[in-house]
Amino acid sequence: MKRRHFAALAAATLAAPAALAQDRTLKILVGFPPGGSADVIARLLAQKMAVTLNQTVIVDNKPGAAGRLVLGELKRAAPDGQTLVLSPSGAMVIAPWLYSNIGYDPIKDFTPVSRIVTFDFAVTAGPAAPQGDLKSVLAWMKANPGKANYATSGAGTVPHFAGLLLAQAAGVPLTHVAYRGGAPAAQDLIGGQIPLMVDTASETIEHHKAGKVRILAVTGEQRSRALPEVPTLKEQGINMAADAFFGLYGPPGMASDVVARIDRAVADALKQPDVQEKINNFGLVPNHAPAADLAVTQATHLKRWEAPIKASGFKAE
């Protein structure tokens, strides 16, 4: 009898760390303000992952440096799987070519966990731009260089550079105006403070449907499923395309079993119809892939952006 009691006590003691780990709060850092696409996706994941992982999952918004600020925090976090970052690909594949010292190595300093979504971008005109198609708006901007400005969610993001490539492909000098996230950029677009915006469709799709702004083009090779009526840039004679992804990353040195456990929770979340519907409504495509595939996706995009960024001569301060 005593031996049985001892065995039960030992089993309970061994199980205690696992139970305590479940009681800890998993934090998903987002380097942008509430309301943008990164924030929305993170909150969808957090809600579903909390159930699967049987622990509290919260979203912690820490805007700054176009999503790079939170990566510095993640790099220093404990590799216990309790601190993650949902990052747009810009910080991982664009910033390394734009900044001489970004404070992290996009390959060595993080642990890939899951690819979440893939997407292209929307070129959206606000009430400050004239009516007409994209070429008409670009012609107006060329004739009015003082008004030829486009907004994005931040300097050094993929939308920033997509806008630069658009300007080069269309032969129209455009001035970039960086905001601290897509939501404030969209508000200034709607308010007429800026005529054009290049960013994820999620930032402007509802305003487009409400008639407040007009999405004039998407940057993918094919039309967006969320915006089948909107032509691509190439359909409008502008030879340029750009796409991106969101990835979930952890600190360096995370154990493979911890990564796999979190990735399974992400995969389960992205399979749920309500999550798929909400993501699709934002103009994004649920496109889960595990850690190894995220690493390949990141490396491919990193290499893809090197040549055009260097050829542009653009260098961030």
May I have the step-by-step check of side-chain contact (heavy atoms from CB on, under 4.5 Å) for I28 and I58, ending in yes or no?
-> CA-CA 6 Å; I28 301 177; I58 65 169; over 6 Å; no
List the steps and the verdict of side-chain contact (heavy atoms from CB on, under 4.5 Å) for I215 and V230.
-> CA-CA 7 Å; I215 296 179; V230 177; 3.9 Å; yes
Test V57 against L45 for side-chain contact (heavy atoms from CB on, under 4.5 Å), laying out the working first.
-> CA-CA 9 Å; V57 182; L45 289 177; over 6 Å; no
Apply side-chain contact (heavy atoms from CB on, under 4.5 Å) to the pair I190 and V213, showing each step before the final yes or no.
-> CA-CA 6 Å; I190 295 167; V213 299; 3.8 Å; yes
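For the pair F32/P88, a side-chain contact is recorded, criterion being any heavy-atom separation below 4.5 Å from C-beta on. Residues I107 and Q298 form a side-chain contact, since some pair of their non-hydrogen atoms from C-beta on lies under 4.5 Å apart. Counting heavy atoms from C-beta outward, P290 and D293 have side chains that approach closer than 4.5 Å. Within the 4.5 Å cutoff, no side-chain heavy atoms of T124 are placed close to those of H208. Put simply, the side chain of L248 reaches to within 4.5 Å of the side chain of I116, judged on heavy atoms. Proximity of D199 to T204: side-chain heavy atoms (C-beta onward) are nowhere separated by under 4.5 Å. Side-chain contact between I279 and V285 is absent, with no heavy atoms from C-beta onward closer than 4.5 Å.
Checked by atom type and distance alone, the side chain of Q47 never pairs as donor or acceptor with a backbone atom of A269 at under 3.5 Å. A donor-acceptor pair under 3.5 Å is formed between the side chain of Q193 and the backbone N or O of G191. W97 places a side-chain N or O within donor-acceptor distance of the main-chain N or O of L302, the cut-off being under 3.5 Å. Counting only distance, with no hydrogens or angles, the side chain of R261 and the backbone of G81 share no donor-acceptor pair below 3.5 Å. Panel note: side chain T157, backbone S153; no donor-acceptor pair is recorded below 3.5 Å. In this structure, the side chain of R214 engages the main chain of G132 through a donor-acceptor pair within 3.5 Å. Q236 places a side-chain N or O within 3.5 Å of a backbone atom of L216 that can act as its donor or acceptor partner. At least one donor-acceptor pair closer than 3.5 Å links the side chain of S224 to the backbone N or O of A226.
Environment of NZ in K271: sparse, with no more than 12 heavy atoms of neighbouring residues, nucleotides or ligands closer than 6.0 Å. Annotation for Q222: atom CD does not count as buried by contact number, only 12 or fewer foreign heavy atoms lying within 6.0 Å.
Among residues at least two apart or in separate chains, there is no ring pair (Phe, Tyr, Trp, His ring centres under 6.0 Å) pair with a member in residues 51-79. Residue pairs meeting the ring pair (Phe, Tyr, Trp, His ring centres under 6.0 Å) criterion with at least one partner in residues 251-281, sequence neighbours excluded, do not occur; the list is empty. Sorted by first and then second residue, the salt bridge (charged side-chain N to carboxylate O under 4.0 Å, His left out) pairs with a member in residues 104-127 read K75-D109; sequence neighbours excluded.
In plain terms, the two heavy atoms of A217 and L233 that are nearest each other are CB-CD2, 3.7 Å. The minimum heavy-atom distance between P33 and N61, with the atom names listed, is C-ND2, 3.7 Å. The two residues V259 and P112 make their nearest non-hydrogen contact at CG1-O, 3.8 Å. Nearest heavy-atom pair, A129 versus P195, reported as atom, atom and distance to 0.1 Å: CB-O, 3.7 Å. Closest non-hydrogen pair, P252 versus P79, comes out as O-CB, 3.4 Å. Minimum heavy-atom separation, A38 to L86: O-CD2, 3.3 Å.
In this structure, a donor-acceptor pair under 3.5 Å is present between the side chains of Q55 and Q82. T25 and T56 share no donor-acceptor pair across their side chains, judged by distance under 3.5 Å alone. Checked by atom type, the side-chain pair T152/H176 shows a donor-acceptor distance below 3.5 Å. A side-chain N or O of D263 and one of H288 form a donor-acceptor pair less than 3.5 Å apart.
Annotation: salt bridge (Lys or Arg N to Asp or Glu O under 4.0 Å) contacts of K303 (sequence neighbours excluded): E306. In this view, R43 and D39 satisfy the salt bridge (Lys or Arg N to Asp or Glu O under 4.0 Å) rule, not counting sequence neighbours. Among residues two or more places apart in sequence or in another chain, the side chain to side chain donor-acceptor pair (under 3.5 Å) test is passed with D133 by S136. Not counting sequence neighbours, the partners of D274 by the salt bridge (Lys or Arg N to Asp or Glu O under 4.0 Å) test are K48. Every residue two or more places apart in sequence or in another chain that forms a side-chain contact (heavy atoms from CB on, under 4.5 Å) with A148 is listed here: M141, L174. Taking the ring pair (Phe, Tyr, Trp, His ring centres under 6.0 Å) definition, one finds that F246 meets it with F119, sequence neighbours left out. For Y179, the side chain to side chain donor-acceptor pair (under 3.5 Å) partners are D188, not counting sequence neighbours. Residues satisfying the salt bridge (Lys or Arg N to Asp or Glu O under 4.0 Å) criterion with R76, sequence neighbours excluded, are absent altogether. Under the side-chain contact (heavy atoms from CB on, under 4.5 Å) criterion, K234 pairs with E221, T232, N239, A241, sequence neighbours left out.
The one candidate from F121, Y150, W305 that meets the ring pair (Phe, Tyr, Trp, His ring centres under 6.0 Å) condition with F161 is W305.
L294 and V70 fall within the same hydrophobic cluster, defined by Ile, Leu, Val, Met, Phe, Trp and Tyr side-chain heavy atoms under 4.5 Å apart, directly or through other members. M240 and L227 fall into different hydrophobic clusters, where Ile, Leu, Val, Met, Phe, Trp and Tyr side chains are chained together by heavy-atom contacts under 4.5 Å. Hydrophobic cluster membership is shared by L29 and V258, with clusters built from Ile, Leu, Val, Met, Phe, Trp and Tyr side chains linked at under 4.5 angstrom. The hydrophobic cluster containing I102 also contains V93, counting ILVMFWY residues as joined when their side-chain heavy atoms lie under 4.5 angstrom apart, directly or transitively. Connection of V137 to M197 is not established within any shared hydrophobic cluster, with ILVMFWY side chains joined at heavy-atom distances below 4.5 Å, either directly or through further cluster members.
Atom CE of M92 and atom OG1 of T297 lie 13.0 Å apart (nearest 0.5 Å). Here NZ of K62 is found 11.0 Å from CG of L74. Values are rounded to the nearest 0.5 Å. Rounded to the nearest 0.5 Å, atoms CH2 (W140) and CG (L196) are 9.0 Å apart. In this structure, CG in L270 is found 8.0 Å from OG in S114, a value given to the nearest 0.5 Å. Summarising the geometry, atom OG belonging to S89 is positioned 4.5 Å from atom CZ belonging to F245; distances are rounded to the nearest 0.5 Å. Going from atom CD1 of I262 over to atom CG of L26 covers 5.5 Å, rounded to the nearest 0.5 Å.
Salt-bridge check for R223 with E235: passed, with a basic side-chain N closer than 4.0 Å to an acidic carboxylate O.
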